Amino acid sequence: MNLTPEQQARTQLLSDEALYKEACKFIRDHAEKQSLPDARQFMGLLQFSRTWKELQEYINHQSERDWGSNQTCPEFYNALCGRLRELQARYVEPLVSKTLSKKERQAAMDCWADALMPAFIQHLYAEGRYHVALKEQNRAQRRNHV
Amino acid sequence: MNTRLKMLHEVALVADGPAFTSRARELGGLAATALGEKHRSQITGLESLANSTLKVSDVFDYLKLRTARHKEWRESELGQQLLQYLEQDLAQEREQICLRLGLSDEAPEQREQRQEVYRALIRAFVQQLAAHYEYALALPEGASQ
């Protein structure tokens, strides 16, 4: 199943109006709590976000991984897993007709999610890299002042 | 005049205004100082993205990644200032234009038109910034911009 040009325009609008803000808020909340992972984690996320299925598998894998003493990564991935479920309920499910059969409904939801979730991750990646880079610059400037 | 023409007319009026043009001049000059000729492709890349994308958030993401990856964008605050202008000041300009044209954010068709106004404002700003950047580079060093 592919999205029609009208449906694609809808995903572009949702990406600009909602997903971009959601991604920025997610990163800023974690930055405030000092719980942002490093740039490598954002690169991994981007790399495994070509489809919704691949993204889910990657995030589940990352949240269940043994991170040793690192508390930041498991917390981040658990929170991201929860946020993606919320986004799915808030933006993807309302786009799919309730009159479809269960199987058709699932296929339609996967199709919308394949278009919307990578867009969310693209925004998350850019905002995350931006925050991490500015934080590192501030830290370096403080070191140089001491 | 149909809505699309009215939108383009409103955008052209804003893009011709003193606040818009002077900010484009300032940021174009800052880009020339920070990036020099060596990183021209980053400004042409920004211009080409602004001209072709259907999403304004693609432009914001591009600026964030340039700022994250290149110290020239960060240390001069070019990335931070440009993002702030596009995300905040131009978003307000978009609201004013949409208010004048009666475009609300409720009807899907009008939401697409609101997005188009924002895209056109960003495109016009980046175009002016790129022109000032090129002009500043062409001036002899130390000449007034």
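Treat the numbers as computed from the prediction; the structure is a model and nothing was measured. Here is how names work: the chains are called A, B, and so on, in the same order as the sequence lines, proteins then strands, and each is numbered from 1.
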Same cluster or not: [X] versus [Y], using hydrophobic residues (I, L, V, M, F, W, Y) connected whenever any side-chain heavy atoms lie under 4.5 Å apart?
X	Y	result
B:Tyr62	A:Tyr125	no
B:Leu103	B:Val11	yes
B:Leu30	B:Trp73	yes
B:Leu49	B:Leu54	no
B:Ile122	B:Leu8	no

Part of B:Leu83 within contact of chain A (heavy atom distance under 4.5 Å):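 Just its side chain gets close to chain A.
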Residue part contacting chain A, namely of B:Glu77, when any heavy atom lies under 4.5 Å: neither
Note, A:Arg129 side chain near B:Lys64 side chain (heavy atom, < 4.5 Å): no
Top contributor to chain A contacts, counting heavy-atom pairs under 4.5 Å, from B:Arg114, B:Arg66, B:Glu112: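 That would be B:Glu112.
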Proximal to chain B - members of residues 4-14 of chain A, heavy-atom separation under 4.5 Å: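 Expected list: A:Ala9, A:Gln12, A:Leu13.
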Proximal component of A:Glu127, with respect to chain B [non-hydrogen, under 4.5 Å]: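 For A:Glu127, heavy atoms of backbone and side chain both lie under 4.5 Å from chain B.
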Heavy-atom proximity to chain B below 4.5 Å, by part of A:Glu136: neither
Distance, nearest 0.5 Å, that separates OH of A:Tyr20 from CG of B:Asp61: 6.0 Å
Gap separating the NZ atom of B:Lys55 from the CG atom of A:Leu19, nearest 0.5 angstrom: 8.0 Å
Leading residue by heavy atom contact count with chain B [cutoff under 4.5 Å; candidates A:Ala133, A:Ala119, A:Ala39]: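 Counting heavy-atom pairs under 4.5 Å, the top option is A:Ala133.
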I'd like to know whether [atom1] of [X] has more than 12 heavy-atom contacts from other residues, nucleotides or ligands below 6.0 angstrom.
X	atom1	answer
A:Asn2	CG	no
A:Glu86	CD	yes
A:Arg50	CZ	no

Atom of B:Thr67, atom of A:Leu134 and distance for their closest heavy-atom approach: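 That closest heavy-atom pairing would be CG2-CD2, 4.4 Å.
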